[in-house]
Number of protein chains: 2
Amino acid sequence: MARGSETRSKIMDVAQAAILAKGFEATSIEEIVAGSEITRSGFFYHFPDKNALAHALIKRHIEVENELFGRAAALGEGPLQTMLIGLKLMAELLDDMPNGHPGCIVATAAYQDRLFNRDVRDANKRAALGWRSRFRGMFEDIVATHRMRDDVDIDQLADMVSAIIEGGLILSRAVDEPSVTAQQVRLLQSYVKLLFAPEPGL
Amino acid sequence: MARGSETRSKIMDVAQAAILAKGFEATSIEEIVAGSEITRSGFFYHFPDKNALAHALIKRHIEVENELFGRAAALGEGPLQTMLIGLKLMAELLDDMPNGHPGCIVATAAYQDRLFNRDVRDANKRAALGWRSRFRGMFEDIVATHRMRDDVDIDQLADMVSAIIEGGLILSRAVDEPSVTAQQVRLLQSYVKLLFAPEPGL
DNA sequence: AAAAAACCATACTCGTGGTACAGTAAATCT
DNA sequence: AGATTTACTGTACCACGAGTATGGTTTTTT
């Protein structure tokens with residue numbers, strides 16, 4: 001089984017790199033198989049169609065992100081610090097590989113709705129809802145111990161993390177300035193600070 | 001000349017509606033000509049290719065947005081109020097037609113980079129930079145009269161408006177909740193308030 | 001009336017996604 | 001060791017959408 005899953009993940013690696021660089025539609029199967037050193041037939045052996053590939057990529061991305069945030073959570077002392085450190089780490093990560101963030105895949109899927117089947121759209125939705133619940137949990141811990149300076153909905157606040165990242169990625173691509181995404185995350189950090197931090201400093 | 005430009009804008013209307021609903025790639029020329037009551041030949045008479053169509057749509061969108069924000073600017077009293085009202089109007093507009101906002105086109109273009117030629121990408125870039133300079137101007141007026149509670153870059157703050165809108169649109173589509181985009185804009189309003197408003201209230 | 005602009009009709013090429021199916025090398029099972 | 005399954009290769013084919021070519025027709029403008 002080792003050989004099979006190796007090829008499979010190689011296909012996914014090549015595909016992901018290409019998709020993040022040029023978009024899903026613009027990435028042809030021909031190109032993927034060329035980079036993966038297999039044949040068209042080989043591709044269709046592993047993935048019944050392009051949809052299945054997108055589905056697999058989103059699924060894998062969720063797992064990667066989950067472990068990443070698990071590590072981040074262990075670093076902070078209080079819930080607010082955890083959140084701020086998490087955002088800082090995220091910003092640094094985005095600085096390192098600005099267009100490598102797999103959030104792009106979700107965005108692509110979101111804007112190419114009818115192009116994908118229900119499986120892919122559902123996976124996409126689960127990803128977004130997963131982020132919401134994760135960040136919601138973190139913000140709940142914060143409001144339990146800190147006073148909120150403005151009355152905002154926690155679910156919406158949780159969504160803001162994803163929205164800022166996705167929007168930052170788009171803007172970053174549009175103006176061709178890779179640093180934009182990380183900057184936006186840092187602005188979100190500033191907002192969280194203003195919302196919850198007791199003193200103006202820190 | 002009236003007849004020609006009428007057909008042209010009808011093509012663009014139909015195309016825009018379809019693209020916003022299903023994405024650029026998923027919208028076929030066949031479909032556009034069917035909705036526009038012309039033939040394929042007619043389409044290619046007005047637009048040399050699909051790229052030209054995208055270009056025209058982005059260009060038109062910029063003009064529409066410019067006039068919209070011109071009106072919004074006349075409503076506020078001080079610069080901060082103008083900004084807050086502007087964001088409020090924007091949120092209401094997004095509530096009314098959540099997926100109708102043409103920002104989607106820019107986002108689509110951003111994520112389908114290689115699919116478009118330089119013309120389209122440049123138009124897209126100009127759109128994003130236009131937003132930046134517009135909002136930057138507004139924020140500059142604010143910092144001239146208000147104290148900033150956190151030291152953030154004004155260009156980045158200006159970008160945040162676009163980022164929140166684009167990100168909100170993506171998230172809204174991903175989780176299939178049309179209200180998300182407007183909520184995110186209102187959160188941005190909350191941030192601006194916390195950043196600049198002298199008292200906690202108002 | 002002449003010329004240009006705004007189309008229509010038809011037929012073709014080419015790239016890409018996807019299917020079908022026959023064959024083969026290597027790992028796994030019995 | 002032989003049989004079966006897994007993981008592929010190779011070839012041939014279909015459908016569909018973008019784009020080209022070209023010649024003809026109607027409408028508007030001059």
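Every chain is numbered from 1, with letters handed out A, B, ... down the list of sequences. Given the structure is predicted, the values throughout are model-derived calculations rather than measurements.
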- Query: Atom CZ of F24(B) to atom C1' of dG17(D): distance rounded to whole Å?
  - Reply: 13 Å
- Query: Is any side-chain N or O of T7(B) closer than 4.0 Å to OP1 or OP2 of dC7(C)?
  - Reply: yes
- Query: For A197(B), does its backbone N or O pair with a side-chain atom of R149(B) as donor and acceptor, under 3.5 Å?
  - Reply: yes
- Figure out the CD1/C1' separation between I29(A) and dT9(D), and round it to whole Å. 17 Å
- Query: Taking the side chain as C-beta and beyond, is there a heavy-atom pair between P79(B) and T145(B) under 4.5 Å?
  - Reply: yes
- Message: From the set dA7(D), dC7(C), dT9(D), return the single nucleotide nearest to any side-chain atom of S41(A).
- Response: dT9(D)
- Note on the structure: Sorted by position of nearest nucleotide on DNA chain D, 5' first, the leading residue of H46(A) and R40(A) is H46(A)
- Task: Round to a whole Å and report the spacing from OH of Y45(A) to C1' of dA25(C).
- Result: 13 Å
- Note on the structure: Taken to the nearest whole Å, CD/E37(B) to P/dA6(C) is 19 Å
- Query: Out of dG17(C), dT6(D), dA18(D), which nucleotide sits closest to the side chain of K50(B)?
  - Reply: dA18(D)
- Message: Output the rounded distance in Å from CG (L53(A)) to C1' (dT16(C)).
- Response: 15 Å
- Distance, rounded to the nearest Å, where E30(B) contributes CD and dA9(C) contributes P: 13 Å
- Task: Rounded to the nearest angstrom, tell me the gap between atom CZ in F43(A) and atom P in dT19(C).
- Result: 11 Å
- Non-hydrogen side-chain atoms of D150(B) and Q189(A) separated by less than 4.5 Å: no
- Within this structure, what is the CZ-to-P distance between F116(A) and dG17(C), rounded to whole angstrom? 12 Å
- Message: Do S162(A) and E166(A) pair up side chain to side chain, a donor and an acceptor below 3.5 Å, judged on atom types alone?
- Response: no
- Message: Quick check on dC8(C): is either OP1 or OP2 less than 4.0 Å from any side-chain nitrogen or oxygen of T39(B)?
- Response: yes
- Item | Sugar-phosphate only, base, or nothing, as touched by G42(B) at under 4.0 Å among non-hydrogen atoms | sugar-phosphate
- Task: Please confirm whether the backbone N or O of N117(A) pairs with a side-chain atom of N51(A), one donor and one acceptor, at under 3.5 Å?
- Result: yes
